[in-house]
Amino acid sequence: MGEAITIGRLCTGPAINTSLATMAVITGTASDDEINFTNAATTTTAGYFDEGYATISFGTGAGQIFKIQRLPALVSAASSYVYLDDPIVTALDTTSKLDLVQNPNSQVLMTATATLEPVGVSLIGFTTQYYGWLQTRGVSAVYSDATVAAGTWFFNDGSVAGAVDVGTEA
């Protein structure tokens with residue numbers, strides 16, 4: 001958990017670090033399980049992106065998505081490697097752009113930010129940096145700061161941390 005979580009609250013994945021998008025690829029050979037790239041002006045600790053995703057969003061090999069096996073600590077504006085669970089299908093070149101996305105179930109938040117991806121509802125309370133299970137389907141009790149009729153769909157409230165609000169048809 002990225003912060004303390006209250007029972008029955010909607011949890012979201014972490015915010016996407018936009019400075020780790022469209023980074024320059026140096027090399028990525030077909031059938032290899034690593035991509036060499038130039039890091040943006042961001043630093044992270046080792047393991048921060050483990051079990052997250054590496055995507056090729058532009059240029060040669062665009063559309064490929066890979067589960068990250070491990071990523072060493074990132075140093076600002078330096079060359080680095082991302083190690084993948086599966087091999088690269090289409091070779092990458094200097095026209096390729098790499099995006100790194102943290103696992104949406106890592107460092108979950110009970111936030112009032114409506115733009116973050118909902119990942120589940122807490123069945124118990126959690127302390128910061130603890131781990132546990134979130135309910136992702138089925139009947140659940142979820143905190144709301146408004147009246148929600150049974151069977152109504154809902155969405156992340158955006159104004160109250162961990163709350164849901166009534167959805168309306170578009």
When rounded to the nearest 0.5 Å, the distance separating CG of Asn39 from OG1 of Thr44 is 7.0 Å
Atom pair CD/CZ of Glu51 and Arg70 - distance to nearest 0.5 Å: 13.5 Å
If you measure from CZ on Arg9 to OG on Ser122, what distance do you get to the nearest 0.5 Å? 8.0 Å
When you measure from the side chain of Thr55 to the backbone of Ser57, do you find a donor-acceptor pair of N or O atoms at a distance under 3.5 Å? no
If every non-hydrogen atom of Met1 is compared with every non-hydrogen atom of Gln107, which pair is closest and at what distance? O-OE1, 3.8 Å
Going hydrophobic residue to hydrophobic residue with side-chain gaps under 4.5 angstrom, can you get from Leu100 over to Ile88? yes
Could you tell me which non-hydrogen atom of Arg137 sits nearest to which non-hydrogen atom of Gln135, and how far apart they are? O-NE2, 3.0 Å
With sequence neighbours left out, which residue pairs that include part of residues 23-38 fulfil the side-chain hydrogen bond (donor to acceptor under 3.5 Å, both in side chains) condition? Asn36-Ser79
For Tyr48, side chain to side chain donor-acceptor pair (under 3.5 Å) partners two or more places apart: Gln102
Do Phe154 and Asp165 have side chains that get closer than 4.5 Å, going by heavy atoms? no
Apply side chain to side chain contact (heavy atoms under 4.5 Å, CB included) to residues Thr94 and Ile26 and explain how you reach the verdict. CA-CA 6 Å; Thr94 56; Ile26 298 170; over 6 Å; no
Step by step, would you call Thr12 with Leu109 a side chain to side chain contact (heavy atoms under 4.5 Å, CB included)? CA-CA 5 Å; Thr12 64; Leu109 306 169; 3.9 Å; yes
Go through it in stages, so that I can follow the logic: the residues are Val82 and Ile68, the test is side chain to side chain contact (heavy atoms under 4.5 Å, CB included), and I'd like the CA-CA distance, side-chain angles, deciding distance and then a yes or no. CA-CA 7 Å; Val82 58; Ile68 297 172; 3.8 Å; yes
Taking all heavy atoms of Asn156 and all of Thr111, pick out the closest pair and write down the distance. OD1-O, 4.1 Å
Is there a donor-acceptor pair under 3.5 Å between the side chain of Gln64 and the backbone N or O of Val89? yes
Spacing of Leu10 atom CG and Asp157 atom CG [to the nearest 0.5 Å]: 9.5 Å
Without placing hydrogens or testing angles, list every side-chain donor-acceptor pair under 3.5 Å for residues 13-25, not counting sequence neighbours.
from, atom 1, to, atom 2, distance (Å)
Asn17, OD1, Ser19, N, 3.0
Asn17, OD1, Ser19, OG, 2.6
Ser19, OG, Thr42, OG1, 2.6

Can you tell me if CZ on Phe58 sees more than 12 non-hydrogen neighbours from other groups inside 6.0 Å? no
Nearest 0.5 Å please: distance from the CG atom of Asp99 over to the CZ atom of Phe37. 11.0 Å
Look only at the side chain of Ser96 and the backbone of Asp93, and say whether a donor-acceptor pair between them is shorter than 3.5 Å. yes
What's the shortest heavy-atom distance between Leu74 and Phe49, and which atoms? CD1-CE1, 4.4 Å
Surrounding CZ of Phe155 (heavy atoms of other residues, nucleotides or ligands, distance under 6.0 Å), is the total greater than 12? yes
When Phe126 is tested against each of Val108, Thr6, Ile5, Ile7 for side chain to side chain contact (heavy atoms under 4.5 Å, CB included), which residue passes? Ile5
Please tell me whether Tyr130 and Val119 are part of a single hydrophobic cluster in this structure, the criterion being side-chain heavy atoms less than 4.5 Å apart. yes
Straight-line distance of Leu98 CG to Phe66 CZ, nearest 0.5 Å: 9.0 Å
So Thr60 and Thr95, side-chain hydrogen bond (donor to acceptor under 3.5 Å, both in side chains) or not? Walk me through it. CA-CA 6 Å; Thr60 302; Thr95 67; 3.1 Å; yes
Grab the two heavy atoms, one from Val121 and one from Ser140, that are nearest each other, plus how far apart they are. CG1-OG, 3.7 Å
